[in-house]
Number of protein chains: 2
Amino acid sequence: MSHDSLNLAYLLRREGYRMTMQRQLVLDAVCEAGGHAAPEQIYEIVRRSSEAVNRTTVYRTLRLLQELKVIDAIYSNGGHLRYEISGPQPHHHLMCRRCGADVEFSHELFVPFLERINEAHGFIVDATHLTLHGKCEACFRRN
Amino acid sequence: MSHDSLNLAYLLRREGYRMTMQRQLVLDAVCEAGGHAAPEQIYEIVRRSSEAVNRTTVYRTLRLLQELKVIDAIYSNGGHLRYEISGPQPHHHLMCRRCGADVEFSHELFVPFLERINEAHGFIVDATHLTLHGKCEACFRRN
DNA sequence: CTACATGCAAAGAGTTTGCATCCGC
DNA sequence: GCGGATGCAAACTCTTTGCATGTAG
């Protein structure tokens with residue numbers, strides 16, 4: 001999802017926050033990174049646009065954008081923090097351990113499984129951003 | 001799974017490692033912790049048995065036991081590292097965000113979903129230790 | 001007695017916090 | 001001008017590494 005359509009200033013103001021250049025740059029960077037971006041990567045992209053942004057501000061802004069539900073926090077393989085723009089609906093990721101390919105799959109594909117879990121264990125799973133690891137088709141054939 | 005049945009000394013020797021008191025204590029602690037134990041918790045349990053174990057050794061031993069496939073590393077919600085005794089077969093966890101209850105579910109419940117993923121995206125998921133978060137039945141009713 | 005294991009201290013990532021200054025509104 | 005936002009440095013958590021000493025086999 002691109003963020004061109006979303007009015008960051010409006011979302012911020014609605015919650016009593018202020019619009020700043022830094023906040024726009026961080027959001028732009030998360031979008032540009034194109035999913036699964038670590039804070040450090042986001043920081044680097046921001047720095048390309050402006051030297052005048054501090055690493056601390058990037059961290060603070062990422063947390064704020066997450067709170068505003070503009071971006072999602074994901075804990076990738078190895079437990080590392082990543083961010084990406086929130087999609088209009090929940091979706092999930094398949095990540096290839098070999099080539100790093102990142103395939104999205106829809107929540108619909110996941111729903112029947114969640115229903116079975118609920119039947120079997122009475123548990124309501126609220127995963128909105130699952131990342132599963134494995135091998136993509138090409139890499140699977142290759143070895 | 002209890003570890004009473006597994007001969008740590010044998011597994012170590014087979015790979016050229018030595019049996020030590022520390023290694024046994026760490027394994028005992030992971031088992032005693034009963035799943036999803038953070039390194040620090042494991043360290044504390046070990047310390048109850050013996051003052052003579054260093055935190056560094058706990059970390060080193062956890063990595064070693066993982067390499068020997070005696071324990072599994074799990075990245076829990078929030079990206080924190082946890083360990084637990086390896087089960088005889090893959091299984092997964094449901095963790096309640098509210099009360100912290102940890103329910104295991106079998107891999108069989110998961111298989112049909114993995115097959116649908118494979119059909120739809122040609123992806124072979126190798127998740128052997130998934131943790132899903134949500135609400136358990138009791139907590140879901142409560143609010 | 002030799003090589004691997006340990007303890008200690010120190011370094012290292014990654015992230016957060018305190019506080020003075022800055023600036024959006 | 002006021003109160004939130006930023007930059008800077010420092011702290012903090014979690015984990016790993018270097019090296020001298022200890023100990024299993």
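Residue numbers begin at 1 in each chain, while the letters A, B, ... track the order of the sequences.
Remark: C1' of C:dA5 and CG of B:L25 are 14 Å apart, rounded to the nearest angstrom. Rounded to whole Å, the distance from CZ on A:R55 to C1' on C:dG14 is 9 Å. We find that CZ of A:R82 is positioned 15 Å from C1' of C:dT15, with the value rounded to whole Å. For the pair A:N54 CG and C:dT15 P, the interatomic distance rounds to 15 Å; values are reported in whole Å. In this structure, B:L8 atom CG and C:dA5 atom P are separated by 12 Å, rounded to whole Å. The interatomic distance linking B:L81 (CG) with C:dT15 (P) rounds to 15 Å, in whole Å. Atoms OH (A:Y75) and C1' (C:dG14) sit 11 Å apart, rounded to a whole Å. Taking atom CG on A:L64 and atom C1' on C:dT15, their separation rounds to 17 Å, with Å as the unit.
When heavy atoms are screened at a 4.0 angstrom cut-off, A:E40 is found touching no nucleic acid atom at all. Contact annotation for A:A38: no contact, since no heavy-atom pair falls under 4.0 Å across all strands. A:T20 comes within 4.0 angstrom of sugar-phosphate atoms only, judged by non-hydrogen atoms across all strands, and of no base.
Axis angle, first five pairs versus last five pairs of the helix from C:dC1-D:dG25 to C:dC25-D:dG1: 30°, rounded to 10°.
Exactly one residue among B:L65, B:D72, B:V70 makes a side-chain contact (heavy atoms from CB on, under 4.5 Å) with B:S86. That residue is B:D72.
By the side chain to side chain contact (heavy atoms under 4.5 Å, CB included) test, A:Q41 pairs with A:A37, A:A38, sequence neighbours left out. In this structure B:N118 satisfies the side chain to side chain contact (heavy atoms under 4.5 Å, CB included) test together with B:I124, sequence neighbours excluded. Taking the side chain to side chain contact (heavy atoms under 4.5 Å, CB included) definition, one finds that A:T131 meets it with A:H36, A:I74, A:H93, A:M95, A:H133, sequence neighbours left out. Not counting sequence neighbours, the partners of A:F105 by the ring pair (Phe, Tyr, Trp, His ring centres under 6.0 Å) test are A:H92, B:F113. Looking at residues two or more places apart in sequence or on another chain, you find no side chain to side chain contact (heavy atoms under 4.5 Å, CB included) involving A:E119. Residues satisfying the side-chain hydrogen bond (donor to acceptor under 3.5 Å, both in side chains) criterion with A:T56, sequence neighbours excluded, are A:N54.
Here B:R23 reaches the OP1 or OP2 of C:dA5: one of its side-chain N or O atoms lies under 4.0 Å away. Considering only side-chain N and O atoms, A:Q22 lies nowhere under 4.0 angstrom from the phosphate OP1 or OP2 of C:dC23. Close to C:dT16, at under 4.0 Å from its OP1 or OP2, lies no side-chain N or O of A:Y59.
When distances are taken from the side chain of B:R18 to each of C:dC25, C:dA5, C:dT15, the shortest belongs to C:dA5.
Within the structure, every pair that satisfies the salt bridge (Lys or Arg N to Asp or Glu O under 4.0 Å) test and touches residues 36-49 of chain A, not counting sequence neighbours, is listed here: A:E32-A:R48, A:E40-A:R55, A:R47-A:E51. Within the structure, salt bridge (Lys or Arg N to Asp or Glu O under 4.0 Å) pairs that include any residue of residues 122-135 of chain B comprise A:R97-B:D126 (at least two apart or interchain). The ring pair (Phe, Tyr, Trp, His ring centres under 6.0 Å) analysis of residues 44-73 of chain B, with sequence neighbours excluded, yields no pairs.
Remark: A:R13 CZ is loosely packed, at most 12 non-hydrogen atoms of other residues, nucleotides or ligands lying under 6.0 Å away.
Using a 4.0 Å cut-off between charged nitrogen and carboxylate oxygen, B:R63 and B:E67 do not count as a salt-bridge pair.
In the region residues 41-49 of chain B, proximity to DNA chain C at under 4.0 angstrom, judged on heavy atoms, holds for none of the residues.
The base of C:dA9 lies close enough to the side chain of B:T56 for a donor and an acceptor atom to sit less than 3.5 Å apart.
Bracketed by its first and final contacts, the part of DNA chain D lying under 4.0 Å from non-hydrogen atoms of chain B reaches from D:dC14 to D:dG25 in 5' to 3' order.
Mapping B:M19 and B:P39 onto DNA chain D by nearest heavy atom places B:P39 closer to the 5' end of the strand.
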